[in-house]
Amino acid sequence: MSTEESTKPANFIRHIIDADLAANKNKGKVATRFPPEPNGYLHIGHAKSIVLNFGIAEDYNGTCNLRFDDTNPEKEDVDFVNSIQEDVKWLGFDWQDRLYYSSSYFDQLAGYAIELIQAGKAYVCDLNAEETREYRGSLKEAGKDSPYRGRSVEENLELFGRMKKGELEDGSCVLRAKIDMASPNMNMRDPTLYRIRQGVVHHQTGDAWSIYPMYDFTHPVSDAIEGITHSLCTLEFADHRPLYDWVLDNISLRCHPQQIEFSRLNLQYTVMSKRKLTQLVDEKLVSGWDDPRLPTIAGLRRRGFTPASIREFCIRIGISKVENSVEMGMLEATIRDDLNASAPRRLAVMNPLKVVIENYPENKTEELSVPNHPQNEDFGKRIVPFSREVYIDKEDFRESANNKFKRLVLDKEVRLRSGYVIRCDRVIKDEQGEIIELRCSYDPDTLGKNPEGRKVKGVIHWVSATHAVQAEVRLYDRLFNHPTPDDGKDGVGFKERMNPESLVVLKQCVLEPSLADSEPGERFQFEREGYFCRDAGSSDELVFNRTVTLRDSWIKEEKKL
RNA sequence: UGGGCCGUCGCCAAGCGGUAAGGCAACAGGUUUUGAUCCUGUCAUGCGGAGGUUCGAAUCCUCCCGGCCCAGCCA
């Protein structure tokens, strides 16, 4: 971001690391990892984790691996492994040569499974899914031991070997850890370690495997193989930590990373779960994973967010173990801070109303030299043509208004931004009484200076009609009209709380001519309107996406009236 | 008494026994050719509640209240 980014925020995880370092734990090394499953696009909640993990690695002179946790081939896809890498890179992080896949540890994983079997700590269980559930008991009642729990090491070895060779059918059996069916922690009631998946093609290992390890077995082993020191994950995995530790305590791998849980990000007026995002995309309720209304990294990018603003947002919200619900205003403030400093200013009219300046010569064009940034001369200047006919926004004119309305009013004056002061003399309407044109006059002595003897406090934006370029502008707003769309309360599903006005397409917008030369992805402030980004998905036509509006104290003022 | 986790300003969030940081929002002013930006000021005798320990408690203890998570051959 062009303004300074926050650094090294205090949080409980950094305190733990500080203490570990002080105690010379892990020989002073810090190694983290970001372990996405490639079954969807990354969203801003992942960004929180990415910024945490890569940020810690950076600040402690350590490393952060990118590891695909790809143990469930049915739901995963190469497209997702590609998009994830693209998004992490775009956010500004570099895993260098440390790109890993849990699937590349499948051999080692199977070896450790055999160790567990040999130690009598894992067994092959023939119970089907339903039976397994019944035997597991409930939250308040202990489970029962599986009838297969007592199988001999030899038999288990033999059976696991057959599972691995593809001799057994899907669902016919699983490999389970032998822990404690009466544990108050459900995760410790002989959790499944391996299941059979015949015939599915894994995006990395193809058809090499007919068994796939479960998360609870894969994750600790993968962390340990990579020499991770601090394994950061979200709160819902806290109950899994005893299992994480159990696995590492019972295999020969001599590395034991520390799992630490923090709370996931909840952003108001949107949904963050991958399942729900997938649903929105699959059911075509949005245009795709990069729909600018989505909290996905791809969506935010297309919307016009900068990588730096997302990083800064993730730092500002902090890390804790508290259930949170961050206001959209927080995200908006962060992107505004960035774009205010970094986006060149332009003039663009959303709802054009023609203005004819009757005392301005016909066929004359003045080339006004206008600063690209009001506070920063380094942005230079550009030429903005001015002529007898201009467009202003319909919102900026009223036939009558009190003096709170600092825009154009019949028989009153207003400043055309970076241009002249004009007065509205006449209003022209069509048969329906709709205002279709304004007849005005200008004061030639007001270019770059204030008029003599009177004050003109209003300033509005405009575009020369004869030089204007046409464009489509997409105004985006929150996707949902409820702060917690997926809270399941009132018996209303999140899809029923979608905001019908989350996208408003304006096809008749007029822009100052310099914008015709903009590049897809380029960001601007359209003065008095907001920050906009040339759409990168429709490079032929001129389309702009509104990233965020400017702060608007007029809305509040207007409501008071 | 299944287990785990969490309650500090409207929203995030520091604080770790020495007398409540910061950000966002809000409010009140000032500057301004963007009702933007910028600047100034205001905003928790109070830390879920009640007791207790202490010279001193958001920080320690006890009890209570509220919220979140867990019964996939998902992660």
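Computed from heavy atoms alone, side chains included, the values below leave out hydrogens, waters and symmetry copies. Note that the structure is a prediction, hence the values are computed from the model and not measured. Protein chains get the first letters and strands the later ones, always in sequence-line order, with residue 1 at the start of each.
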Respond yes when some side-chain nitrogen or oxygen of A:Arg195 is under 4.0 Å from OP1 or OP2 of B:A75, and no when none is.
yes
Taking only the P atom of each, what is the distance from B:U59 to B:U8 in whole angstrom?
13 Å
Quantified in whole Å, what is the C1' atom distance between nucleotide B:U31 and nucleotide B:C39?
8 Å
Can you check the A:Glu327 CD to B:G10 P distance for me, whole Å?
11 Å
Round to a whole Å and report the spacing from CG of A:Leu139 to C1' of B:C70.
6 Å
When the P atoms of B:U37 and B:C27 are considered, how many whole Å apart are they?
13 Å
Within the 4.0 Å limit for protein heavy atoms, which parts of nucleotides 30-38 of chain B are touched? Write it as a string from 5' to 3', B for base, S for sugar-phosphate only, - for none.
---BBBBB-
Using a heavy-atom cut-off of 4.0 Å across all strands, would you classify A:Ala333 as base, sugar-phosphate, or nothing?
sugar-phosphate
P atom, B:G56 versus B:U19: distance in rounded Å?
15 Å
Using atom C1' of each nucleotide, how far apart are B:A75 and B:G67 to the nearest Å?
25 Å
Touch check for A:Gly171, heavy atoms < 4.0 angstrom, all strands: base, sugar-phosphate only, or nothing?
base
If the P atom of B:C70 is compared with that of B:G23, how far apart are they to the nearest Å?
36 Å
Using atom C1' in both nucleotides, what's the gap between B:C24 and B:G66 to the nearest angstrom?
26 Å
Distance check: side-chain N/O of A:Lys274 vs OP1/OP2 of B:C74, anything under 4.0 Å?
no
So A:His461, base contact, sugar-phosphate only, or nothing? Heavy-atom distance under 4.0 Å.
nothing
If we check salt bridge (Lys or Arg N to Asp or Glu O under 4.0 Å) with A:Asp396, which of these qualifies: A:Arg407, A:Arg415, A:Lys406?
A:Arg407
Which part of the nucleic acid does A:Gly137 contact within heavy-atom distance under 4.0 Å: base, sugar-phosphate only, or nothing?
base
Below the 4.0 Å mark, does B:C5 have OP1 or OP2 next to a side-chain nitrogen or oxygen of A:Arg241?
no
B:C74 and B:G22: how far apart are their P atoms, nearest whole angstrom?
49 Å
What string of B, S and - do you get for nucleotides 12-23 of chain B, 5' to 3', when a contact is any protein heavy atom under 4.0 Å?
SSSSB------B
With heavy atoms under 4.0 Å as the rule, sort A:Tyr194 into base, sugar-phosphate or nothing.
nothing
With a non-hydrogen cut-off below 4.0 angstrom, is A:Leu193 in contact with a base, only sugar-phosphate, or nothing?
nothing
